[in-house]
2 protein chains.
Amino acid sequence: MPRQARNPNAARAAPAKPRAAGARAEILEAAARMMRDRGYSEMSLRDLAAQVGMKAGSLYYHFASKEELAVEVMRLGVETVSDAVSEALDAAADRPARERLETALRVHLHTLLSASEFSSAHIRCYPFVPETVRGRLVAVRRDYDRLWTGVIRDMLGEDAAAEDVRYLRLALIGAMNGALEWYSPGRDDPEAFLRALMRLLPPGKG
Amino acid sequence: MPRQARNPNAARAAPAKPRAAGARAEILEAAARMMRDRGYSEMSLRDLAAQVGMKAGSLYYHFASKEELAVEVMRLGVETVSDAVSEALDAAADRPARERLETALRVHLHTLLSASEFSSAHIRCYPFVPETVRGRLVAVRRDYDRLWTGVIRDMLGEDAAAEDVRYLRLALIGAMNGALEWYSPGRDDPEAFLRALMRLLPPGKG
DNA sequence: CATTCAACCTAACGTTCGTTAGAAAATCCG
DNA sequence: CGGATTTTCTAACGAACGTTAGGTTGAATG
């Protein structure tokens with residue numbers, strides 16, 4: 001069997017590490033899909049290497065260890081959804097708080113269900129990944145949480161109890177992330193789920 | 001090193017399988033804790049056996065395989081929370097629908113967070129357990145879903161769209177199960193989380 | 001006391017895993 | 001083209017895994 005074709009349209013402007021970036025990105029993508037579908041410890045480096053046309057040992061030219069690879073995948077997952085939500089919130093900066101929250105929910109859900117296998121891999125694998133991996137993700141995760149705390153506090157009003165803001169955030173994020181376990185592209189409509197979710201929320205103060 | 005002491009106060013009334021039931025229950029409990037804390041594939045049968053004072057091979061006297069053991073643990077998990085919620089709903093059969101839903105939420109949450117390591121193991125491990133294991137749990141899981149569908153339909157009214165009932169159920173269950181990932185016994189108060197959740201729900205029709 | 005049988009142990013089998021060292025191939029540069 | 005550098009492969013290491021076959025123990029039974 002011949003080797004798998006390399007992705008021909010990759011960034012060529014990097015003089016420092018010329019060609020490794022393409023293979024590295026390809027490995028990360030395959031790893032994200034595998035982590036999302038099978039889980040972290042069920043992802044074999046031999047299988048992963050085969051999916052990108054390599055042998056297991058060759059992965060170690062691009063990553064120091066399996067844990068390092070997982071950290072990179074999951075960090076990309078948080079940053080992807082965080083950037084998407086942040087950008088959408090900036091674009092809706094002058095809208096009412098309730099509408100901004102709906103936007104955040106929509107972007108978060110769409111990123112998890114359709115846009116980014118990194119984000120879904122992060123959500124599904126985080127609970128059972130080695131603690132050394134989780135430890136290196138607390139910072140990005142905290143930043144993302146702060147994003148939500150802001151939107152929700154805006155909607156509940158400045159005098160809302162911190163406990164209420166926190167529990168509403170956890171309830172909403174939990175409801176969204178849970179969709180990863182039941183969502184079926186043919187059967188389900190994310191927009192309908194979002195409407196059902198929005199119907200629960202109070203009118204808002206902004 | 002001497003063997004670990006057996007649990008002396010176990011049911012003695014079973015003449016068919018005299019003494020294996022005690023050890024079997026002990027194995028199931030330790031397995032549930034291990035699955036909840038580390039995950040299915042991170043649960044080593046050697047470690048599990050050591051926790052109940054056995055060697056790995058001895059487990060095969062009580063269970064045919066690791067998958068069979070996991071099925072038993074998770075099935076107990078569904079049945080535990082299902083029985084608890086069902087019983088609570090029966091006891092509140094004459095209460096308004098919204099109050100009955102609150103009761104169901106409270107019992108479900110308490111079972112996951114405090115009462116049953118089988119239930120929490122089921123929720124945390126189900127996504128990444130082998131498909132042969134998941135297949136043997138669909139029946140009990142469907143029964144439990146029907147319980148929730150009933151309560152939520154009662155609250156939304158008989159003419160509520162099935163899609164709305166379904167998505168509200170999935171949102172609520174997702175929010176509750178997500179608590180397994182953030183709940184910290186000292187920091188968090190399940191009742192406060194429940195109040196924040198109930199504040200979202202409509203007044204109800206019953 | 002002899003026998004039976006439940007319950008556990010010992011010891012290993014074959015497989016797969018993450019990881020590594022060094023050789024080989026591919027690519028780039030002058 | 002030739003040498004240097006980047007990238008991949010080969011081959012193996014040691015460890016851990018689920019599982020199994022057959023032996024050992026101790027208590028109950030007739």
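Every chain is numbered from 1, with letters handed out A, B, ... down the list of sequences.
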In whole Å, what is the span from the [atom1] atom of [X] to the [atom2] atom of [N]?
{"X": "Arg46(B)", "N": "dT19(D)", "atom1": "CZ", "atom2": "P", "value": "11 Å"}
{"X": "Glu68(A)", "N": "dT19(C)", "atom1": "CD", "atom2": "P", "value": "10 Å"}
{"X": "Glu42(B)", "N": "dT16(C)", "atom1": "CD", "atom2": "P", "value": "19 Å"}
{"X": "Leu48(A)", "N": "dT19(C)", "atom1": "CG", "atom2": "C1'", "value": "15 Å"}
{"X": "Tyr40(A)", "N": "dC17(C)", "atom1": "OH", "atom2": "P", "value": "13 Å"}
{"X": "Glu67(B)", "N": "dG18(D)", "atom1": "CD", "atom2": "P", "value": "11 Å"}
{"X": "Leu45(A)", "N": "dA11(D)", "atom1": "CG", "atom2": "P", "value": "20 Å"}
{"X": "Met54(B)", "N": "dT10(C)", "atom1": "CE", "atom2": "C1'", "value": "15 Å"}

Practice item. Answer yes or no: is there a side-chain heavy-atom contact under 4.5 Å between Arg75(A) and Arg136(A)? Key: yes
OP1 or OP2 of [N] versus the side-chain N and O atoms of [X]: is any pair under 4.0 Å?
{"X": "Ser44(A)", "N": "dC17(C)", "result": "yes"}
{"X": "His62(A)", "N": "dT8(D)", "result": "yes"}
{"X": "Lys66(B)", "N": "dG18(D)", "result": "yes"}

Exercise for review: Tell me, please, whether Tyr167(A) has Arg199(B) positioned over its six-membered ring: NZ or CZ under 6.0 Å from the ring centre and within 45 degrees of its axis?
Suggested key: no
Check your understanding: Are any side-chain N or O atoms of Arg36(B) and backbone N or O atoms of Arg124(B), one a donor and one an acceptor, separated by less than 3.5 Å?
Key -> no
**Study point:** Salt-bridge present (Arg146(A), Asp143(A); N to O < 4.0 Å)
**Key:** yes
Study note, to complete from the structure: Judged by nearest nucleotide, the residue sitting upstream toward the 5' end of DNA chain C, Ala56(A) or Lys55(B), is Lys55(B)
Nearest-neighbour nucleotide for the [X] side chain, [options] considered:
{"X": "Ala23(A)", "options": "dA12(D), dT19(D), dT8(D)", "result": "dT8(D)"}
{"X": "Tyr61(B)", "options": "dT6(D), dT19(D), dA7(C)", "result": "dA7(C)"}
{"X": "Tyr60(B)", "options": "dT19(C), dT19(D), dT8(D)", "result": "dT19(D)"}

**Study point:** Nearest non-hydrogen partners of Asp188(A) and Arg166(B), listed with the distance
**Key:** OD1-NH2, 2.7 Å
